[in-house]
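Note that these values count all heavy atoms, side chains included, but never hydrogens, waters or copies made by symmetry. A note on names: the letters A, B, ... follow the listed sequences, proteins ahead of strands, and every chain is numbered from 1.
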There are 2 protein chains.
Amino acid sequence: MNVTGHTRKLSGTAPSIRDVAAAAEVSYQTVSRVINGHPSVKPSTRERVLAAIEELGFRRSATAHALASGRSRSVTVLTANTTHYGYAAILQGIEEEARRAAYSLGIAVLESADESAVRAVVRRAADTGGGLVVIAYDPAGVAALRAVPAGLPVVGVVETPASPPGGDRPWVWTDDRVAAEEATRHLLSLGHETVHYVAIPSSTRRTAPRTAGWRAALREAGAPEPRPLQGGWGPAGGHAAGRRLAGDPAVTAILCGNDDLALGVLRALREAGRDIPGEVSVAGFDDAPSSAYLTPSLTTVRLDFAGLGRAAFGLLHDVVEESARVAPHPVSVPELIVRESSGPPSARPARR
Amino acid sequence: MNVTGHTRKLSGTAPSIRDVAAAAEVSYQTVSRVINGHPSVKPSTRERVLAAIEELGFRRSATAHALASGRSRSVTVLTANTTHYGYAAILQGIEEEARRAAYSLGIAVLESADESAVRAVVRRAADTGGGLVVIAYDPAGVAALRAVPAGLPVVGVVETPASPPGGDRPWVWTDDRVAAEEATRHLLSLGHETVHYVAIPSSTRRTAPRTAGWRAALREAGAPEPRPLQGGWGPAGGHAAGRRLAGDPAVTAILCGNDDLALGVLRALREAGRDIPGEVSVAGFDDAPSSAYLTPSLTTVRLDFAGLGRAAFGLLHDVVEESARVAPHPVSVPELIVRESSGPPSARPARR
DNA sequence: CTGAAAGCGCTTACAG
DNA sequence: CTGAAAGCGCTTACAG
């Protein structure tokens, strides 16, 4: 037996379980047992193997493990965007939990909602062999969730669980509808005759939950129901919508589909010389980190996106590990944060 | 020969090259040649194989390919953060190029700058077998870049190329020093006696490029050099720093290490009743998407982070593909964007 | 408790 | 131009 055998290893290649086996003088199958925590290994043998692993700096090849075992301890997030606050925060939550569970994290961006483009991205993501989390807040995400082949472990982060787009796949959500109702009621309770709405894009052609909640609250109060304006995702869209609203003296309260939109609306209102909240109240959605520092600071609805991401990963983990305890779909509670941008309508009659 | 052989495939498992080979009546090695675009395959054979691939819906296993070939067409980004504007935009740039090159994208977050924690993250990232991009804008990132074992394909996104932390590894950067000089000169040219600075954290213990550029511009103009204040990354830190500055009537111009910091400073100044830019001018760094919509809109320096990310991936791609054309280190040019938050100092003497 | 065999789905020389 | 063999680094039954 060549006692120096395991020492003359070329420095170029990483040590394999065979190298470890040689060093520990056992078969490589036993090495496999040790690194997998298999119970039936004699303690003294385990020690020797562990020592050899330590000495050689052995690391099990993730790809060989994946190929042989058929599972990969990885999760890839399918999303149309990585920078908007909500998306980024969900991603962050998923990442935190994935790291804790020692899963690797992949990102696949859905650049288009086009059927075949979406299928291509989903296929490639599925090729990794790991689990999938798809953020279905927009048409591309919804299409992706639908395109995931049955049998693959997947959980959706969806806008609304009423007929979730992925069929009976597991999902997590926040109750945006109720959140929008709350925000709208807050504005109405201040004395505004009605509340205008600047909407974010909907994930489907159906009425989005935030829009539905806003409308429900208006209806409940018997307030007029103005047509919602489409704002897109960013401040530019909010600015454009705000410009149109700023011209109408009857407008005294505006709810926005997210804080970025509200930022644009705020700017347009100021440009038009309207005081906030003196003449017009504005509320946003999401409570982005900067919203508390705007002037005026923004009244908004805080949504726990990071928690949502953590829950999504937790659910996925349950699914792939097939542990009996399938976590209940967690619903985080939105919280209204009242700040400086909302207040009672001005005393002077603003209506026509 | 069983002509129905390839049809009775169980629907549970994905087809392998052997299934395709059987269907096309060739050896599986030939299938391998076809999917790898190997030239020496008779056209008619290629046709048959392609048809079989199409019919069976064959997809080459990424993990088997990685194991057998030793390369994985993947990149993982090591970063301390995924949500701050600069980091997120770099990530987005990397993602765009990775997608174009059909590389899969992984993220590994450095939760701490602790030596052993960083090593663990780097090891796990290296286990994927793909290339690495590390964002070395902070101590954790710098430590990670340094911890990457020699021989692995890696590129760093660094703060400054003067003695880059990763030794002679390839890197990309933006010239933050010059950018800070420009911004400071702009403020001085408006007539301010000097410019105060609220800093972002440095990647090392040495003077950060932005701080150095600010100081150089001051020196060049013979202006007093106030001590920089540490602001952290977010608006809360900017707010705290702004509060201290707001109390000093001698302060008429403030440069901030990023736009989030500037947002907090703006807020603190307003709370102290100081007019912007009437009494105090403020400038930021980065040109985040919301900065143009603040009131006042923010004078800032635009940095092409997405371009930086694209360049980083491009360089990495060159490295792993070993194509002779090693891209030159691309340097994007920062651009000063003058908006409403900066202006000449007020006529009334603000000094002691 | 531990080894020898077969296999995961590919690629890479090596023959012909 | 195409096939048969060996191997990538592991895991999974199967024996003993």
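- Taking atom CG of residue B:Asn36 and atom P of nucleotide D:dT2, one finds them 15 Å apart after rounding to whole Å.
- Under the 3.5 Å distance criterion, the side-chain polar atoms of B:Arg124 are matched with a main-chain donor or acceptor of A:Ala102.
- Listed pair B:Arg71 / C:dT11 fails the phosphate criterion, with no side-chain N or O lying under 4.0 Å from OP1 or OP2.
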Quiz item: Are A:Glu159 and A:Ser203 close enough, and set up right, to give a side-chain hydrogen bond (donor to acceptor under 3.5 Å, both in side chains), and what steps lead you there?
Solution: CA-CA 7 Å; A:Glu159 229 186 8; A:Ser203 67; 2.8 Å; yes
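- Side-chain nitrogen and oxygen atoms of B:Ser27 include at least one within less than 4.0 Å of the OP1 or OP2 phosphate oxygen of D:dG3.
- Checking the phosphate oxygens (OP1, OP2) of D:dC10, no side-chain nitrogen or oxygen of A:Ser69 falls inside 4.0 Å.
- For an aromatic pair to be called close, the ring centres must be under 6.0 Å apart, and A:Tyr87 with A:Phe305 fails this.
- Heavy-atom nearest nucleotides on DNA chain D were determined for B:Val26 and for B:Ala68, and the one closer to the 5' end corresponds to B:Val26.
- One finds a side-chain N or O of B:Thr30 lying less than 4.0 angstrom from the OP1 or OP2 phosphate oxygen of D:dG3.
- Atom C1' of nucleotide D:dT2 and atom CD of B:Glu47 are separated by 17 Å, given to the nearest angstrom.
- Here D:dT2 sits opposite C:dA15 as a Watson-Crick or G-U wobble pair (both hydrogen-bonding atom distances under 3.5 Å).
- No donor-acceptor contact under 3.5 Å links the side chain of A:Arg59 to the base of D:dG9.
- Each of C:dC10, C:dA5, C:dC8 was ranked by its minimum atom distance to the side chain of A:Tyr28; first place goes to C:dA5.
- A:Arg71 contributes no side-chain N or O that, together with a main-chain N or O of A:Gly129, makes up a donor-acceptor pair within less than 3.5 Å.
- Contact check, A:Thr63 against D:dC8: no side-chain N or O comes under 4.0 Å of OP1 or OP2.
- A straight line from CG of A:Leu56 to P of D:dG9 spans 14 Å, rounded to a whole angstrom.
- Atom P of nucleotide C:dA5 and atom CD of A:Gln29 are separated by 10 Å, given to the nearest angstrom.
- Between the side chains of B:Ser116 and B:Asp114, at least one donor N or O lies within less than 3.5 Å of an accepting N or O.
- Taking atom CG of residue B:Asp19 and atom P of nucleotide C:dG9, one finds them 9 Å apart after rounding to whole Å.
- Between the C1' atom of C:dG9 and the NE2 atom of A:His65 lies a distance of 16 Å, rounded to the nearest Å.
- Residue B:Ser32 places at least one side-chain N or O under 4.0 Å from the OP1 or OP2 atom of C:dT11.
- Under 4.0 angstrom from either OP1 or OP2 of D:dC10 there lies no side-chain N or O belonging to A:Arg18.
- When the nucleotides D:dC10, C:dT2, D:dC1 are ranked by their closest atom to the side chain of A:Thr45, C:dT2 comes out on top.
- The B:Arg33 side chain lies nearest to D:dG3 when the options are C:dT11, D:dC8, D:dG3.
- The listed nucleotides are D:dC10, C:dG3, C:dT2; the one nearest the side chain of A:Ser40 is C:dT2.
- At a threshold of 4.0 Å, the pair A:Arg99-B:Glu111 counts as salt-bridged, since one of the basic side-chain nitrogens sits closer than that to a carboxylate oxygen.
- As rounded to whole Å, 16 Å separates atom P of D:dG7 from atom CD1 of A:Ile17.
- Whole-Å rounding puts the B:His38 NE2 to C:dC10 C1' distance at 16 Å.
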